[in-house]
Structure formats: structure tokens, C-alpha cells
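Notes to accompany the following structure.
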Amino acid sequence: MSPVAEALVRAVRQDLHRHTDHVEARRLGRRHKGDIPFLGVPRHTLVRITRDHVDDPALRLPDRQAWQAAVRGLWTGDVTRESRYAAVVLTRHPRYRALAASPLSTNLYRDLITDTPTRDTADAVAVLSLPLPLNAAPVTEGRVVRSWAVVGSPWMRRAAILCQARRFHRTDPDLLRSSIGANLLERLDIVREAIPEALTAYLRTCPEDAAADLHATLESWSSQMPAALAEAIDTRLAADERRRHPRV
């Protein structure tokens, strides 16, 4: 790791540890599964800490190699959930947006998603970081993500399903359909539970004609879909509909 990348990682980690809240850390640890500990740092504080250090001219990363080393450094080693969230913040920082959005970064995000994954940290990369190269190069990176939907890693399959949850008008419905369709018979909760979440996120913002197309697709899948998955989708969509359009 370059000296600047190492200094940035060290500064962020030390500042996060200074804001440790042991009570909140225990509460979060009980709520979320996984061996990676929490520090209990509030999300807004974490973002501020990370951005303050990234904005420090003395800690400016000179090139892709240093930026990638800093992202990986925050993700690995003496890792906490908060240091991983900080890595995601680094991928979203405007100063390094061109690096983060390059197709060269897709493999980095794949590595983060599959490195000792937890739902919250892997999903943060899938939903917040992976869309950057998808938006910049939708054709090539769409093909890459589509291939993830059929690989052995359940975490990559989950990422392929969830990665468009916040793409809004940029969502590629064909990519969404293919990623979900490839996993209709999946038994693992980590993959299966991503399907209703991804569908809800898309239907929340898509145009009416696109929603009609997706509902038609769901109808065509009904004979292939396990009853438990169909019920989970119906329940999630109905709950979201009630939330968005409560009865007066």
C-alpha cells in the first residue's frame, strides 16, 4: 500500500474508533448476523469522518492504484462494519468518481462483495458502488453483472439482483428480469430474499407501462416460482403499495 493510502486508512480507522459507542455496538451486533464487529458510530458521523479525511489535501490519493489500495485497506485487516462503510463512502466521493465509475472498478466491487461478506456491507457495495460503472458503461458492465446471476457465489447472485435498487430511471429492466429469472428456484435465503426487495425498489419508481410489463413477467413466472417466493413477493409489493398509498 502506498504511504498516502496507508495514512488515509489509518486516519479514518483511528477517528472511527474514537467515536465508538459500546452500547450501540452491542445493539447492532445483536440485530445483525456476522462475525465482523460494530463500533456503534452513527452513519452521519461516519460519513463526515471519512469525507473530512478524504478532503484533506495531505491525504490526496495520487492514482488508481493508491485509491484502490485505500478502499481495500478499509475493507480488510483490522476490519469493523464502520470501516467497510467508510470504504463505500470513499468509492462515492466526488474526487474519485471517475476512478470509481470506471469498468476497471467492477472487479474491485466483486472482490469486496465476496470477501467475508455480511448482508449490510455486501449490499452497500452492490447498491451504492456497483451502479457507478453500470451507469458509466451499461452495455459492457451489464453483461458482467448478468453473468454474476448464474455463478456459484450466492453473494454475487444477490448483488446482481439488488444492484439496481437505487438506479431509479436508469434501471435496466432486462438486466433485472434476467438476474431474477436465473434465481427463481434458488433455495438460499441470501439470494431468494433479494428478489422481493429488488422488485419493490423498481416498481416504486418505474413508469406505469414498465410496471405493467414487469407484472406480466411475474405472471409468466408463476408456474416456475416456488409458492413461498410468490407469497413473499406478493406480501412485499402489497405492503409497499399500502405504505405509498395509505387509505384516508
Side-chain angles (χ1 to χ4, degrees), residues 1 5-56 59 61 67-96 100 108-132 154-155 158-159 161-163 165-166 188-194 196-198 200-201 204 232 235-236 239-240 243-244:
M1 189 185 304
E6 187 174 358
L8 175 60
V9 170
R10 183 170 57 251
V12 171
R13 284 188 186 279
Q14 288 176 348
D15 218 349
L16 289 174
H17 277 276
R18 279 195 289 270
H19 288 80
T20 296
D21 181 334
H22 295 290
V23 173
E24 180 66 6
R26 286 193 294 271
R27 186 189 72 81
L28 291 170
R30 289 191 297 268
R31 179 180 174 185
H32 296 275
K33 296 179 180 179
D35 296 330
I36 299 175
F38 285 92
L39 297 175
V41 180
R43 187 63 57 91
H44 67 277
T45 302
L46 181 151
V47 171
R48 177 185 57 77
I49 287 170
T50 307
R51 288 178 176 171
D52 284 350
H53 289 299
V54 174
D55 287 336
D56 184 346
L59 297 176
L61 303 168
W67 171 79
Q68 186 163 301
V71 173
R72 290 186 185 276
L74 288 167
W75 197 265
T76 59
D78 182 21
V79 65
T80 62
R81 303 284 182 118
E82 283 82 358
S83 69
R84 288 193 162 189
Y85 301 149
V88 175
V89 173
L90 179 53
T91 70
R92 302 279 301 177
H93 194 280
R95 174 177 289 176
Y96 302 109
L108 168 64
Y109 303 145
R110 177 203 62 201
D111 292 346
L112 302 185
I113 288 166
T114 56
D115 179 7
T116 319
T118 63
R119 289 197 188 207
D120 54 324
T121 59
D123 287 359
V125 176
V127 173
L128 297 175
S129 304
L130 184 56
L132 298 174
W155 292 97
R158 179 179 173 87
I161 294 167
L162 284 179
C163 65
R166 295 192 186 179
L188 292 175
D189 288 348
I190 196 67
V191 179
R192 189 179 64 245
E193 292 173 0
E197 185 175 345
T200 301
R204 196 174 290 157
T235 300
R236 181 68 181 264
D240 189 67
R243 184 188 64 80
R244 289 187 294 121

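To the nearest 0.5 Å, atom NE2 of residue H22 and atom CZ of residue R27 are 16.0 Å apart. In this structure, W75 CH2 and Y85 OH are separated by 9.0 Å, a value rounded to the nearest 0.5 Å. For the atom pair CD of E82 and OG1 of T50, the computed distance is 10.0 Å after rounding to the nearest 0.5 Å. Atom OH of residue Y109 and atom CG of residue L130 lie 8.0 Å apart, to the nearest 0.5 angstrom. In this structure, L132 CG and C163 SG are separated by 11.5 Å, a value rounded to the nearest 0.5 Å. Atom CG in L39 sits 12.5 Å away from atom CZ in R18 (nearest 0.5 Å).
Among all heavy-atom pairs drawn from G40 and D21, the shortest one is O-CB, 3.5 Å. The shortest heavy-atom contact between A86 and L46 is N-CD2, 3.9 Å. In this structure, A159 and I113 approach most closely via the heavy-atom pair CB-CD1, 3.7 Å. L188 approaches P154 most closely through the heavy-atom pair CD1-CB, 3.8 Å. Nearest heavy atom pair, residue L90 against residue A70, reads CD2-CB, 3.8 Å. Among all heavy-atom pairs drawn from A194 and I161, the shortest one is O-CG2, 3.6 Å.
Using modelled atom types, one side-chain atom of R95 and one backbone atom of V54 make a donor-acceptor pair closer than 3.5 Å. R92 places a side-chain N or O within 3.5 Å of a backbone atom of L128 that can act as its donor or acceptor partner. Side-chain N or O atoms of T80 include none that pairs as donor or acceptor with a backbone N or O of P37 at under 3.5 Å. Listed for the Y96 side chain is a donor-acceptor partner under 3.5 Å among the backbone atoms of L61. Without hydrogens or angle criteria, W155 side chain to T114 main chain gives no donor-acceptor distance under 3.5 Å.
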Step-by-step side chain to side chain contact (heavy atoms under 4.5 Å, CB included) determination, H93 to D55: CA-CA 9 Å; H93 194 280; D55 287 336; 2.8 Å; yes

Steps toward side chain to side chain contact (heavy atoms under 4.5 Å, CB included) verdict (R119, E193): CA-CA 11 Å; R119 289 197 188 207; E193 292 173 0; 2.7 Å; yes

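In this view, H19 satisfies the ring-ring contact (aromatic ring centres under 6.0 Å, His included) rule with no residue, not counting sequence neighbours.
Contact of the V71 side chain with the T91 side chain is registered, since non-hydrogen atoms from C-beta on lie closer than 4.5 Å. Contact annotation: the side chain of L108 approaches that of W67 to within less than 4.5 Å [non-hydrogen atoms, C-beta and beyond]. Side-chain contact between I36 and T116 is present, with at least one heavy-atom pair separated by less than 4.5 Å. For the pair L16/V12, a side-chain contact is recorded, criterion being any heavy-atom separation below 4.5 Å from C-beta on. Side-chain atoms of H44 and R48, non-hydrogen and from C-beta on, never get closer than 4.5 Å to each other.
Using a cutoff of 4.0 Å between basic side-chain nitrogens and carboxylate oxygens, D78 and R13 are not scored as salt-bridged. Ion pair R72/D115 not flagged as a salt bridge, since none of the NZ, NE, NH1 or NH2 atoms sits closer than 4.0 Å to an Asp/Glu carboxylate oxygen. In summary, E24 and R31 do not engage in a salt bridge, as defined by a charged side-chain N under 4.0 Å from a carboxylate O. A salt bridge links R158 with D123; the closest basic N to acidic carboxylate O contact falls under 4.0 Å. D240 and R236 are not joined by a salt bridge, as no carboxylate oxygen comes within less than 4.0 angstrom of a charged side-chain nitrogen.
Among the candidates H32, K33, R81, the single residue satisfying the side-chain hydrogen bond (donor to acceptor under 3.5 Å, both in side chains) test with D120 is R81.
Atom CZ of R51 has 12 or fewer heavy atoms from other residues, nucleotides or ligands within 6.0 Å.
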